[in-house]
Amino acid sequence: MTGKLYVLSGPSGVGKGTLREKALTDKQNLVYSISCTTRQPREGETDGIEYRFITHEKFQEWIEQDLFLEYAHVHSDFYGTLKEDVIKELNNGKNVLLEIDVQGALKVREKIPEAILIFVAPPSVEVLEKRLRDRHTESENSLKLRLSNAVKELELKNKYDYVVINDNLEIASKELKNLIE
Ligand code: 5GP
C-alpha cells in the first residue's frame, strides 16, 4: 500500500461533512470512500453519492462474505466501509478519506495501524445540540439519540492521533487540510 488512509470521526452535527467536502477540494490525490448504510436516504441524498443505500439483508450478506473493512451499528442503523474500495485506491497510490463513527475508526486502526485518525470535536455539547436542532434533519427522538451518542464519542477522542475543534469553520478546515497535506 502506498497511499495514506485518513479516518475522520466526530459526533453527528459537528460539521464533519462540510469539513470533508472542503478537504476534498483541491486535493487531487485524495479520494473519499463512500460508505454503505441501511438507513433511509434523507431528502436530497442520492444512492451512490452520499452513501450506497442497501437493505438489511444485503448488509448482512456482505458481512457474511467478509466484504467490510469495518462496520458498525450507529444510532439505529448499520454503516460500513467496503474493503475492496479502500485497498484498491491505496494500492493505486491514492490517499483515502473515510468519514466514519468512533467504533469503526478504532476497528480500522486495528486492521491498518498506519491509518491516521482525526477527531472533529464541537466547542461544547450545547453548541452541538444547537447545530443539530438548526439542521432540522432529525426527529426529536433521533436528535436525543445522536446527542447521547455524542457524549460517549467525545470520551473516546483521546484515542485519536489529532483533534480538530470545529468552532470556526474556516480555521477548522485549514487545520484539517494541513493535517492531510
Ligand atoms: P449519518 O446518518 O448522519 O449520515 O451518519 C451517522 C454516523 O454514521 C456518522 O457518525 C458517520 O460518521 C457514521 N458513518 C458513516 N459511514 C460509516 C461507515 O462506513 N462506518 C462507520 N462505522 N460509521 C459510518
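Atoms within each ligand, like the ligands themselves, are counted from 1 in listed order.
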- Message: I need the K22 NZ to K177 NZ distance, nearest 0.5 Å.
- Response: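 Interatomic distance, K22 NZ to K177 NZ, rounded to 0.5 Å: 7.0 Å.
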
Scan side-chain atoms only and decide if [X] and [Y] contain a donor-acceptor pair under the 3.5 Å cut-off.
X    : Y    : result
D77  : T38  : yes
Y160 : S9   : yes
D101 : Q103 : yes
T137 : R135 : yes

- Aromatic ring pairing F68/F59, orientation class (parallel under 30°, perpendicular over 60°, tilted between):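 Because their plane-to-plane angle is under 30°, the rings of F68 and F59 count as parallel.
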
- Listing by chain and number, which residues have a heavy atom under 4.0 Å from ligand 1?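 Contacts of ligand 1 under 4.0 Å: K16, S35, R39, R42, Y51, E70, A72, V74, H75, Y79, G80, T81, E99, I100, D101, G104, R146.
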
